[in-house]
Amino acid sequence: MQGGQQTVQMKRVTVGLLSTNCYLLWREDREDCVVIDPGANAEKIRAAMGGRSLAAILLTHGHFDHIGAVDALMGPGTELVVHTQDEPMLHSPELNVCWMIDRHITCRRATRTVEEGDLLVYAGMAFRVLHTPGHTPGGVCYECGGMLFTGDTMFDEGWGRTDLPGGSEASLMASLRRLMPLRDTHEILGGHG
C-alpha cells in the first residue's frame, strides 16, 4: 500500500489465548513503526518489529485480548491511541472483560483519545479513524491506504459479539452497513480469523 513516496509494509502476528490479530506497519525508509492491537506476547511482537522503534500503538477497542502487551511495548515517546469511549476499559477489568479468562489484564491510560474522522500520522503513515460502535461503545476502524483494520467490528466472515458490557446489536448493525461498501475497495484486516 502506498504511504507518501514509500510503500507501507504490513505484517500480521497472531497472539494470545484468543488468537488476536496484531498488525505491524512500517515504511522501509524509516526506523519506526506502528502496532495495532497488541493483545499479548510482547516479545513475539517486538521480534516482528525487527529493531524498529514504536511510534504508536493504535487500539481498535479496549477488550483485554487487544491490550495485553501494551505496557510491555510502550517506549519513550510512544503514543497510545484509543477512542474516547473505550479509554476507561484500559484500566478496568470489569469493562475489558478479562474476568472471562480469570486473569487481571489492564494497561496504562491512553496518551491520545480519538473520535470519528480524526487523521493520525505516525511513522510517516496516515490513519483515518472510523468510529464503528457496537462490539464496544468506542470501537473504531483505522484506514491506512487501501487497508482497513477493523478489530472486532467485522471479520472476513462475520462480526464481533454484542453481549458484553457496552455492546449494542443495533449499533453494530449500523456500523456493518457503513463498512460493507468498503469491502470492494479495501483489504479488510480483522481482529481474529
side-chain contact (heavy atoms from CB on, under 4.5 Å) with L59: of I36, V140, L90, only one passes, and it is L90
When rounded to the nearest 0.5 Å, the distance separating CZ of F149 from SG of C144 is 6.0 Å
Q | Working for side chain to side chain contact (heavy atoms under 4.5 Å, CB included), residues T60 and Y142 | A | CA-CA 8 Å; T60 59; Y142 295 102; 4.1 Å; yes
Can a side-chain donor-acceptor contact be found between E115 and T84 if the only test is distance below 3.5 angstrom?
yes
When rounded to the nearest 0.5 Å, the distance separating OG of S53 from CD of E31 is 7.5 Å
Residues 116-127 vs salt bridge (Lys or Arg N to Asp or Glu O under 4.0 Å), sequence neighbours excluded, gives E116-R178
Stepwise side chain to side chain contact (heavy atoms under 4.5 Å, CB included) check, M10 with Y23
CA-CA 7 Å; M10 187 271 292; Y23 297 96; 3.6 Å; yes
Across all chains, not counting sequence neighbours, the side-chain contact (heavy atoms from CB on, under 4.5 Å) partners of A72 are A42
Self-check item: 4.5 Å side-chain heavy-atom contact, L25 and M147
Solution: yes
Output for pair (L176 CG, W159 CH2), nearest 0.5 Å, gives 6.5 Å
- Message: Within a 6.0 Å radius of atom CG on D102, are there more than 12 heavy atoms belonging to other residues, nucleotides or ligands?
- Response: no
Under 4.5 Å between any side-chain heavy atoms of F127 and V81, yes or no? no
Residue set satisfying side-chain contact (heavy atoms from CB on, under 4.5 Å) with M100, at least two apart, ordered chain then number -> V97, R161, L164
Does H63 form a side chain to side chain contact (heavy atoms under 4.5 Å, CB included) with M89? I'd like the steps, not just the answer.
CA-CA 7 Å; H63 282 153; M89 298 173 74; 3.3 Å; yes
side-chain hydrogen bond (donor to acceptor under 3.5 Å, both in side chains) with H66: of N96, D152, T136, only one passes, and it is D152
Quick note, ring-ring contact (aromatic ring centres under 6.0 Å, His included) partners involving residues 72-118, not counting sequence neighbours, are H83-H131
Fill in: T106 and P93, any side-chain heavy atoms less than 4.5 Å apart
yes
* State, with a plain yes or no, whether a side-chain heavy atom of I57 is found less than 4.5 Å away from one of L73. => yes
So do the side chains of N21 and T14 get within less than 4.5 Å of each other, counting heavy atoms only?
yes
Those residues at least two apart in sequence (or on a different chain) that pass side chain to side chain donor-acceptor pair (under 3.5 Å) with R30 are D32
For F64 and I101 the tightest heavy-atom approach is CE1-CD1, 3.4 Å
Contact check, side chains of P38 and V15, non-hydrogen atoms, under 4.5 Å: no
message: Just so I know, are the side chains of M74 and L80 near enough to count as touching, which here means a heavy-atom distance under 4.5 Å?
response: yes
Nearest heavy-atom contact between P181 and R177 is CD-O, 3.3 Å
Those residues at least two apart in sequence (or on a different chain) that pass side chain to side chain donor-acceptor pair (under 3.5 Å) with N41 are none
Contacts of I188 meeting side-chain contact (heavy atoms from CB on, under 4.5 Å) (sequence neighbours excluded), chain-then-number -> L148, T150, M154, R183, H186
Open item on the list: I'd like to check M49 versus L24 (side-chain heavy atoms, cut-off strictly below 4.5 Å). Are they in contact?
Closed with: yes
Residue set satisfying side chain to side chain donor-acceptor pair (under 3.5 Å) with R103, at least two apart, ordered chain then number -> none
Applied to residues 74-94, the salt bridge (Lys or Arg N to Asp or Glu O under 4.0 Å) test, sequence neighbours excluded, yields E87-R109
If you measure only the distance, is there a donor-acceptor pair under 3.5 Å linking the side chains of T132 and T153?
yes
On a heavy-atom basis, the closest approach of G68 and I105 is CA-CG2, 3.8 Å
Residue pairs meeting salt bridge (Lys or Arg N to Asp or Glu O under 4.0 Å), one or both in residues 37-50, sequence neighbours left out, come to E43-R46
Residue pairs passing the salt bridge (Lys or Arg N to Asp or Glu O under 4.0 Å) test with at least one member in residues 60-77, sequence neighbours excluded, are D71-R108
Sorted by chain and residue number, the side chain to side chain donor-acceptor pair (under 3.5 Å) partners of S168 (sequence neighbours excluded) come out as S171
Taking every heavy atom of G134 against every heavy atom of T162, the minimum-distance pair comes out as O-CG2, 3.8 Å
Same cluster or not: are L119 and V114 linked, directly or through other Ile, Leu, Val, Met, Phe, Trp or Tyr residues, by side-chain heavy atoms under 4.5 angstrom apart? no
